[in-house]
2 protein chains.
Amino acid sequence: MNSPHFSTKERILGAAEELFARHGFAGASLRELTATAKVNLAAVNYHFGSKDNLVNEVFRRRLDELSAHRLDALQQVLAKPQPTLEDILSAFIHPALLLSLDKSGGATFVRVLARAYAEHNERLRKFLSENYGHVLKEFAAAFSIQLPHLDKEELYWRIDIIAGALTYAMADFGVIKRRAAMSEKIHRERAAEHLIRFAAAGLRAD
Amino acid sequence: MNSPHFSTKERILGAAEELFARHGFAGASLRELTATAKVNLAAVNYHFGSKDNLVNEVFRRRLDELSAHRLDALQQVLAKPQPTLEDILSAFIHPALLLSLDKSGGATFVRVLARAYAEHNERLRKFLSENYGHVLKEFAAAFSIQLPHLDKEELYWRIDIIAGALTYAMADFGVIKRRAAMSEKIHRERAAEHLIRFAAAGLRAD
DNA sequence: ATATTATTCAAACGATCGTTTGGTTTCCCG
DNA sequence: CGGGAAACCAAACGATCGTTTGAATAATAT
């Protein structure tokens with residue numbers, strides 16, 4: 001990720017993704033980050049303005065595409081005659097599954113996503129809400145039709161918890177490396193199916 | 001938690017639990033912590049030696065009891081003629097559910113537990129592994145009998161991920177407060193059942 | 001080739017962190 | 001009551017953090 005044929009900005013983004021996944025946002029220092037990226041310490045502030053904004057850009061680089069995939073999948077699901085809760089959840093999870101299987105940092109980014117859920121950083125939540133809140137809003141609306149017995153507050157609470165647990169479960173925080181990439185893909189796909197069923201049960205509960 | 005009839009050590013532990021849950025271990029500063037506990041800044045180092053050791057003691061205060069409950073429940077399950085995977089998972093989750101329903105900080109501590117999973121702090125992991133690793137080891141042995149097709153490495157990996165997701169899902173990180181305590185208890189119990197089924201499916205997958 | 005802009009760099013700044021110090025107060029037992 | 005241990009407190013220490021500075025270098029355009 002710090003190969004010389006990447007630009008300074010790209011090397012910083014790559015190192016940031018890696019170190020944010022490993023140490024969290026506050027835990028990753030700009031000194032270790034810039035050393036990993038093989039750039040000068042001041043390069044982060046020069047190219048991104050601040051560490052906070054670097055965090056934003058790490059998310060933007062991946063979330064624009066992930067959100068688009070999720071909304072596409074949701075639109076296809078809602079076009080069906082009788083969409084199920086599992087269909088909607090699949091539209092939410094499957095794009096993240098694809099991202100986690102991506103070879104160039106996608107899996108690392110899913111771990112960063114899980115960090116974002118765990119660290120209840122107010123500033124970051126505001127950024128994500130302002131830029132990608134409409135995605136969760138559309139999914140919440142789709143869920144709401146399937147779950148008329150839940151009021152808005154209760155639904156949002158459940159989506160928040162479930163989305164966090166789903167993301168965490170997909171994030172693969174374990175220390176042990178898996179053996180074969182092929183077996184990993186199969187495992188993740190099956191895990192995603194189980195996650196969908198678990199989340200559907202959690203949403204359907206009275 | 002900072003009532004004057006609590007001792008200084010207890011006030012510090014209570015404030016630490018609260019602030020660790022809200023801001024994480026690195027994110028909670030001793031200055032805010034001691035201000036919340038209404039004690040002097042130096043009191044933490046006087047009574048606990050260091051911030052790291054304070055983190056340890058926050059866990060020890062709750063985990064001794066939680067681990068004992070889990071091992072008791074596991075022993076009862078293994079005494080049955082045909083224990084199922086769900087039985088073993090229930091022995092792991094149910095004590096945590098009881099803790100999360102505890103009125104005096106138990107729910108807050110479950111959020112701290114979820115933090116511990118998300119922050120991959122090496123020092124903290126070592127402390128937890130040394131002091132409570134035998135609990136996970138006994139559960140892993142019980143799982144292993146039910147899941148002979150999984151080798152040790154794969155089993156530990158799955159337990160790590162699943163335990164993290166379970167803990168996170170139980171941690172109730174959502175901002176929205178629930179309305180009635182009674183409805184919360186019912187909701188959590190049902191959520192625990194769903195979690196058990198989800199985790200069992202994840203463990204049983206090839 | 002020269003002027004202008006963009007980028008990189010070593011060094012320092014101010015703020016905040018956990019921790020330590022030395023003195024004061026409080027408590028308790030002989 | 002008196003004396004020694006325990007507890008508390010304000011203040012300072014050293015380290016590390018994100019950020020800024022101003023000069024040196026590289027790249028680009030006229």
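Throughout, protein chains are lettered first and strands after them, A, B, ... in sequence-line order, and every chain is numbered starting at 1.
- In this structure, the CG atom of B:Leu30 is 20 Å from the P atom of D:dA12, given to the nearest Å.
- Closest heavy-atom contact between B:Arg70 and B:Phe139: O-CZ, 3.6 Å.
- Ionic pairing of A:Arg22 and A:Glu18 is present here: one or more N-O contacts between side-chain nitrogen and carboxylate oxygen are shorter than 4.0 angstrom.
- Atom CG of B:Asn40 and atom C1' of D:dC9 are 5 Å apart (whole Å).
- Look at A:Glu154 and A:Arg158 and you find a salt bridge, because one of the NZ, NE, NH1 or NH2 atoms lies within 4.0 Å of a carboxylate O, short of that distance.
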Protein heavy-atom contacts under 4.0 Å, written 5' to 3' over nucleotides 21-28 of chain C as B (base), S (sugar-phosphate only) or - (none), form the string B-------
Contacts under 3.5 angstrom, residues 126-134 of chain B side chains, donor-acceptor by atom type, not counting sequence neighbours:
{"from": "B:Asn131", "atom 1": "ND2", "to": "B:Phe127", "atom 2": "O", "distance (Å)": "2.8"}
{"from": "B:Tyr132", "atom 1": "OH", "to": "B:Asp64", "atom 2": "OD1", "distance (Å)": "2.8"}

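- Rounded to whole angstrom, the span from the OH atom of A:Tyr46 across to the P atom of C:dA6 amounts to 7 Å.
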Query raised in the report: Going through the checks in order, is the salt bridge (Lys or Arg N to Asp or Glu O under 4.0 Å) test met by A:Arg125 and A:Glu119?
Result: CA-CA 9 Å; A:Arg125 284 177 93 86; A:Glu119 298 194 16; over 6 Å; no
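- What separates CG of B:Asn53 from P of C:dT19 is a distance of 10 Å, to the nearest Å.
- Within the nucleic acid shown, A:Ala28 comes within 4.0 Å of sugar-phosphate atoms alone, with no base atom in reach, counting heavy atoms only.
- Close to D:dC8, at under 4.0 Å from its OP1 or OP2, lies a side-chain N or O of B:His47.
- Distances shorter than 4.0 Å separate some side-chain N or O of A:Thr8 from OP1 or OP2 on C:dT8.
- Rounded to whole angstrom, the span from the NZ atom of B:Lys38 across to the P atom of D:dC8 amounts to 15 Å.
- Figure legend: cation-pi geometry between A:Arg11 and A:Phe6 absent, as NZ or CZ is not positioned both under 6.0 Å from the six-membered ring centre and within 45° of its axis.
- Distance A:Asn45 CG to C:dA10 P: 16 Å, rounded to the nearest Å.
- Distance, A:Lys51 NZ to D:dT19 P: 8 Å, rounded to whole Å.
- The side chain of A:Ser29 lies closest to D:dC17 when the candidates are D:dC17, C:dT19, C:dT8.
- The CG atom of A:Asp52 sits 16 Å away from the P atom of D:dC17 (whole-angstrom rounding).
- Looking at which nucleotide of DNA chain C each of B:Gly27 and A:Ala43 is closest to, the 5′-most match is held by A:Ala43.
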Checklist entry - Hey, mind stepping through B:Asp102 and B:Ser100 against side-chain hydrogen bond (donor to acceptor under 3.5 Å, both in side chains) and telling me if it holds? => result CA-CA 6 Å; B:Asp102 177 271; B:Ser100 79; over 6 Å; no
